[in-house]
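Have a look at the structure below before the remarks.
Every heavy atom of this structure was used, including side-chain atoms; hydrogens, water molecules and symmetry mates were not. In listed order, ligands and their atoms are each counted from 1.
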Amino acid sequence: MPTQSQSPHLPFGENKQADWYGKDILSVKQFSREDLEYVFGVAHEMRGMVERVGTFDLLKGKILANLFYEPSTRTSSSFTAAMERLGGSVIPINEVKYSSVSKGESLADTVRTLECYADVIVLRHPETGAAAIAAKAAKKPVLNAGDGVGEHPTQALLDAFTIFEELGVGQIDGMTVTMLGDLKYGRTVHSLARLLSLYKVKLNYVSPEILRMPKEVMEEVAAKGIPQAEYTALEKVLPETDVLYVTRVQKERFENLEDYEKVRGAYVIDPEIMKAAKQEMIVMHPLPRVGEISPDFDDDPRAAYFRQMEYGLYVRMALLAMVLGKA
Ligand code: ASP
Ligand code: CP
């Protein structure tokens with residue numbers, strides 16, 4: 001929980017300091033509304049610093065181990081950029097097949113090894129719960145960069161930051177957020193639905209029948225008193241939507257590729273469909289996209305997905321500074 005003490009390291013003029021020093025970030029369930037305000041305040045300052053000076057020495061001498069057992073472009077490179085913009089450095093293990101994992105080394109031993117050399121570990125892994133296992137093995141902070149179909153908490157934090165920056169901090173209560181696509185296997189929406197349940201939002205889930213939001217997530221969100229509704233067609237809810245969060249159908253998670261073929265291309269956002277949406281709303285996507293949003297829509301001011309990935313840099317800078325005791 002946040003403490004009221006003033007950080008000796010904090011160059012950001014914040015009074016409230018969340019005590020994240022040395023902590024793992026495994027799930028969005030660790031965050032309160034107050035924590036989010038703190039993270040977004042620091043991220044906002046990070047954005048200003050990057051715009052003004054580019055790189056600065058807040059984490060000079062600190063080392064990040066970037067351990068990826070699954071492909072990544074944004075998460076991996078934004079954590080690298082975040083660490084380097086803060087003056088630190090990175091051990092990149094982006095392709096575990098060239099590491100001793102290919103000789104059969106366990107996740108726990110790999111993590112124990114990396115923490116001898118690094119101050120913080122970022123992990124992406126195909127199994128749900130892998131980040132928690134790694135965190136148990138490690139004394140140093142482990143940040144979950146996606147654990148199978150489980151969670152992607154740093155993505156949800158950057159998603160919420162995007163909503164705040166784009167639509168205004170005071171605006172989130174009362175918003176309607178529509179999640180579209182693969183809600184069963186999409187870890188980003190599992191984390192985001194949980195995180196947004198801290199606010200008075202309305203959540204719509206639009207998916208093919210076989211890709212519905214897991215019951216477990218819906219039950220957790222319902223327990224917070226958040227209204228949720230499920231649909232298979234977008235038309236009905238698009239006009240009321242303030243944030244349309246589009247996801248890729250996660251081909252790599254399907255047991256049966258025939259099922260994938262049935263649902264791929266189920267929804268495609270394009271300028272014609274978006275005529276039915278408000279002018280004051282945003283379209284988000286964690287990316288990569290593989291056809292769910294037509295490139296013809298990219299120039300529309302409501303298309304926030306490229307800005308969204310830039311916000312990821314600032315949020316990850318904030319998180320690294322927090323767990324390393326410098327924010
Ligand atoms: N990049 C996101 C993830 O790793 C979304 C996706 O891959 O579709 O979960
Ligand atoms: N959004 C996201 O996690 O992207 P990558 O898979 O490219 O890291």
Report, in ascending order of atom number, the atoms of ligand 1 lying under 4.0 Å from any heavy atom of Pro288.
1 (N), 6 (C), 7 (O)
Would you please determine whether Gly186 falls within less than 4.0 Å of ligand 1 on a heavy-atom basis?
no
In terms of relative ring orientation, are His44 and Phe161 parallel, tilted or perpendicular, with 30° and 60° separating the classes?
perpendicular
Is the contact between Arg124 and ligand 1 made by the side chain, the backbone, both, or neither, using heavy atoms and a 4.0 Å cut-off?
side chain
Could you check atom 4 (O) of ligand 1 against the protein and tell me its nearest heavy-atom contact, residue, atom and distance included?
Arg187 NH2, 2.8 Å
Would you say Glu216 has more than 12 foreign heavy atoms packed within less than 6.0 Å of its CD?
no
Do other residues, nucleotides or ligands put more than 12 heavy atoms under 6.0 Å from Arg302 CZ?
yes
Select one of side chain, backbone, both or neither to describe which atoms of Leu287 lie under 4.0 Å from any atom of ligand 1, heavy atoms only.
backbone
From Met175 CE over to Ile163 CD1, what is the distance, rounded to the nearest 0.5 angstrom?
6.5 Å
Find the distance between CD (Gln250) and OH (Tyr185) and round it off to the nearest 0.5 Å.
10.0 Å
Return the closest protein heavy atom for atom 4 (O) of ligand 2 as residue, atom name and distance.
Arg74 NE, 3.1 Å
Short list, please: which atoms of ligand 2 are under 4.0 Å from a heavy atom of Gln155?
1 (N), 2 (C), 3 (O)
Considering only protein heavy atoms, which is closest to atom 2 (C) of ligand 2, and at what distance to one decimal place?
Thr75 OG1, 3.5 Å
Report yes or no: does a heavy atom of His152 sit under 4.0 Å from some atom of ligand 2?
yes
Looking only at protein heavy atoms, which one is nearest to atom 7 (O) of ligand 1, and how far off is it?
Arg248 NH2, 2.8 Å
Check each of Leu158, Thr73, Thr154, Thr188 against atom 5 (P) of ligand 2 and report the one with the nearest heavy atom.
Thr73
Which atoms of ligand 2 have any heavy atom of Leu287 under 4.0 Å away?
1 (N), 2 (C), 4 (O)
May I ask you to check whether Arg248 and His285 show a side-chain donor-acceptor distance below 3.5 Å?
no
If you scan protein heavy atoms around atom 6 (O) of ligand 2, the nearest is Arg124 NH1, 2.9 Å
Are Phe164 and Tyr199, when compared by the centres of their aromatic rings, separated by less than 6.0 Å?
yes
At under 4.0 Å between heavy atoms, is it the side chain or the backbone of Gln250 that contacts ligand 1, or both, or neither?
side chain
Is the backbone N or O of His125 less than 3.5 Å from a side-chain atom of Asp147, with the two atoms forming a donor-acceptor pair by type?
no
Do Thr80 and Asn66 have side-chain N/O donor and acceptor atoms under 3.5 Å apart?
yes
Applying a strict under-4.5 Å side-chain criterion to I, L, V, M, F, W and Y, I'd like to know whether Leu36 and Tyr311 cluster together.
yes
Return a yes/no value for Pro71: is any of its N or O atoms, backbone included, closer than 3.5 angstrom to an N or O of ligand 2?
no
